[in-house]
Amino acid sequence: MEVGFLGLGIMGKAMSMNLLRHGFKVTVWNRTLSKCDELVEHGASVAETPAAVVKKCKYTIGMLSDPSAALSVVFGKDGILEQICAGKGYVDMSTVDANTSSKINEAITAKGGYFLEAPVSGSKKPAEDGQLVILAAGEKALYEEVIPAFNVMGKKSFYLGQVGNGAKMKLVVNMIMGSMINAFSEGLVLAGRSGLDPSVLLDVLDLGGIANPMFRMKGPTMIQGSHSPAFPLKHQQKDMRLALALGDETATSMPVAAAANEAFKKARSMGLGDLDFSAVYETVKALEQPSQKS
């Protein structure tokens with residue numbers, strides 16, 4: 001099965017590498033072409049434009065950073081629309097809002113192509129391990145055809161119906177995650193300032209009803225002040241913003257998510273945007289007690 005892959009950031013690189021390891025023929029493109037070099041070493045071909053990828057491959061996957069990047073590879077010069085046609089499918093696995101997915105869907109189907117949105121739940125490690133959760137919506141026939149690729153990149157795929165539902169589900173998931181990491185950060189700092197060992201707090205949490213893989217994975221590195229990016233904070237803040245916009249559309253009150261978004265914005269203003277989203281912990285630590293300043 002030959003697959004095109006657009007976007008080789010933290011996630012895209014790991015996902016396309018998994019496809020190569022499992023015997024897929026993969027043609028890659030990235031805005032910075034040098035990022036393709038490592039994939040080439042593992043057998044990938046390189047195309048110089050998104051249009052060239054689509055021309056060569058029946059199925060093309062996109063994993064872009066945000067809505068503007070997702071739109072640009074479709075509508076821009078040498079973009080997907082220049083080569084998409086009947087019998088070709090585009091699968092956008094980026095995290096975008098439902099309106100962005102709908103625009104892409106309309107343009108691709110107007111050219112006779114098939115479209116599937118398929119954002120993923122999971123960050124760097126799950127991407128490397130092929131353990132992502134894939135939230136697909138759109139053309140059911142295309143979903144069924146690309147399942148072999150999804151099975152390599154993920155541990156479970158959901159088909160959620162019409163275009164927009166995948167985007168919405170992903171935003172809800174990331175909104176919950178962003179809110180949780182803020183509460184967790186406050187708890188770690190509160191424990192430390194109360195004379196408790198934050199590492200013991202991790203052990204206690206892990207044995208109770210709110211035990212979860214995120215606390216288990218992020219807690220030790222947060223305590224150490226290490227925030228190597230598995231999921232960059234600037235992207236988490238973008239997802240909070242998009243989720244809050246969805247809340248506006250549906251008249252859903254989201255005070256916890258709104259407060260979490262403000263914390264991520266504060267972290268970005270502190271220059272932490274390219275670090276892991278767990279770096280929001282540093283915004284809580286930065287609020288020093290008066291006694292600590294003297």
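- Minimum heavy-atom separation, A118 to F150: CB-CZ, 3.7 Å.
- Within a 6.0 Å radius of CE in M169, other residues, nucleotides and ligands contribute 12 heavy atoms or fewer.
- Looking at S194 and L190, their side chains come closer than 4.5 Å, going by heavy atoms from C-beta outward.
- Residues L160 and G166 approach most closely at CD1-CA, 4.0 Å, considering heavy atoms.
- Residues V73 and Y90 form a side-chain contact, since some pair of their non-hydrogen atoms from C-beta on lies under 4.5 Å apart.
- Under a 3.5 Å cut-off, the side chain of E117 and the backbone N or O of S102 do not form any donor-acceptor pair.
- The structure places CD1 of I181 at 8.5 Å from CD of Q236, a figure rounded to the nearest 0.5 Å.
- With hydrophobic clusters built from ILVMFWY side chains whose heavy atoms lie under 4.5 angstrom apart, V284 shares a cluster with M240.
- In this structure, the side chain of K111 engages the main chain of L81 through a donor-acceptor pair within 3.5 Å.
- With F158 as the aromatic partner, K156 meets the cation-pi criteria of under 6.0 angstrom to the ring centre and within 45 degrees of the ring axis.
- Within a 6.0 Å sphere centred on CD of Q162, heavy atoms belonging to other residues, nucleotides or ligands number 12 at most.
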Assess whether salt bridge (Lys or Arg N to Asp or Glu O under 4.0 Å) is satisfied between E282 and K285, documenting all intermediate values. CA-CA 5 Å; E282 302 299 331; K285 279 172 63 182; 3.5 Å; yes

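- Looking only at side-chain heavy atoms (C-beta outward), M15 and N18 stay at 4.5 Å or farther from each other.
- At most 12 heavy atoms of other shown residues, nucleotides or ligands fall within 6.0 angstrom of atom OH in Y114.
- Looking only at side-chain heavy atoms (C-beta outward), K155 and V133 come within less than 4.5 Å of each other.
- When the shell of 6.0 Å around NZ of K13 is examined, it contains 12 or fewer heavy atoms from other residues, nucleotides or ligands.
- Note on F277: it does not cluster hydrophobically with M11, by side-chain heavy-atom contacts below 4.5 Å among ILVMFWY residues.
- Here the straight-line distance linking atom NE2 of H22 with atom CE of M153 works out to 11.5 Å at 0.5 Å rounding.
- No option in Q237, K266, K238 other than Q237 meets the side-chain hydrogen bond (donor to acceptor under 3.5 Å, both in side chains) test with N261.
- S16 approaches L39 most closely through the heavy-atom pair OG-CD1, 3.5 Å.
- L20 and V3 fall within the same hydrophobic cluster, defined by Ile, Leu, Val, Met, Phe, Trp and Tyr side-chain heavy atoms under 4.5 Å apart, directly or through other members.
- Residue pairs meeting the ring pair (Phe, Tyr, Trp, His ring centres under 6.0 Å) criterion with at least one partner in residues 177-218, sequence neighbours excluded, are F184-F215.
- Proximity of a side-chain donor or acceptor of K35 to a complementary backbone N or O of G9 within less than 3.5 Å is not detected.
- Linking ILVMFWY side-chain heavy atoms closer than 4.5 Å, directly or via other members, places L135 and L171 in two distinct hydrophobic clusters.
- For the pair V189/L287, no side-chain contact is recorded, criterion being any heavy-atom separation below 4.5 Å from C-beta on.
- Residues S278 and K218 bring no donor and acceptor atom of their side chains to less than 3.5 Å of each other.
- Rounded to the nearest 0.5 Å, atoms CG (L64) and CG (L71) are 9.5 Å apart.
- Around NZ of K25, the count of heavy atoms belonging to other residues, nucleotides or ligands within 6.0 Å does not exceed 12.
- At least one donor-acceptor pair under 3.5 Å links the side chain of N30 to the backbone N or O of L8.
- In this structure, L188 CG and L205 CG are separated by 8.0 Å, a value rounded to the nearest 0.5 Å.
- R241 is not listed as a side-chain neighbour of F264, based on a closest heavy-atom distance of 4.5 Å or more.
- For the pair K88/T60, no side-chain contact is recorded, criterion being any heavy-atom separation below 4.5 Å from C-beta on.
- Hydrophobic clustering, with ILVMFWY side chains joined whenever heavy atoms are under 4.5 angstrom apart, keeps L196 apart from M222.
- In this structure, CG in L233 is found 8.0 Å from CG in D276, a value given to the nearest 0.5 Å.
- The list of side chain to side chain donor-acceptor pair (under 3.5 Å) pairs with a residue in residues 203-212, not counting sequence neighbours, reads D206-R216.
- Distance alone, capped at 3.5 Å, is enough to place a donor-acceptor pair between the D97 side chain and the T100 backbone.
- Taking all atoms of both residues into account, the shortest heavy-atom contact from M254 to A243 is CE-O, 3.7 Å.
- Counting heavy-atom neighbours within 6.0 Å of Q131 CD, excluding the residue itself, gives a total above 12.
- Taken to the nearest 0.5 Å, the CG atom of L116 stands 11.0 Å off from the NZ atom of K140.
- A230 and S123 make their closest contact through O-CB, 3.7 Å (heavy atoms, listed as atom of the first residue, atom of the second, distance).
- At least one side-chain heavy atom of M63 sits less than 4.5 Å from a side-chain heavy atom of V120.
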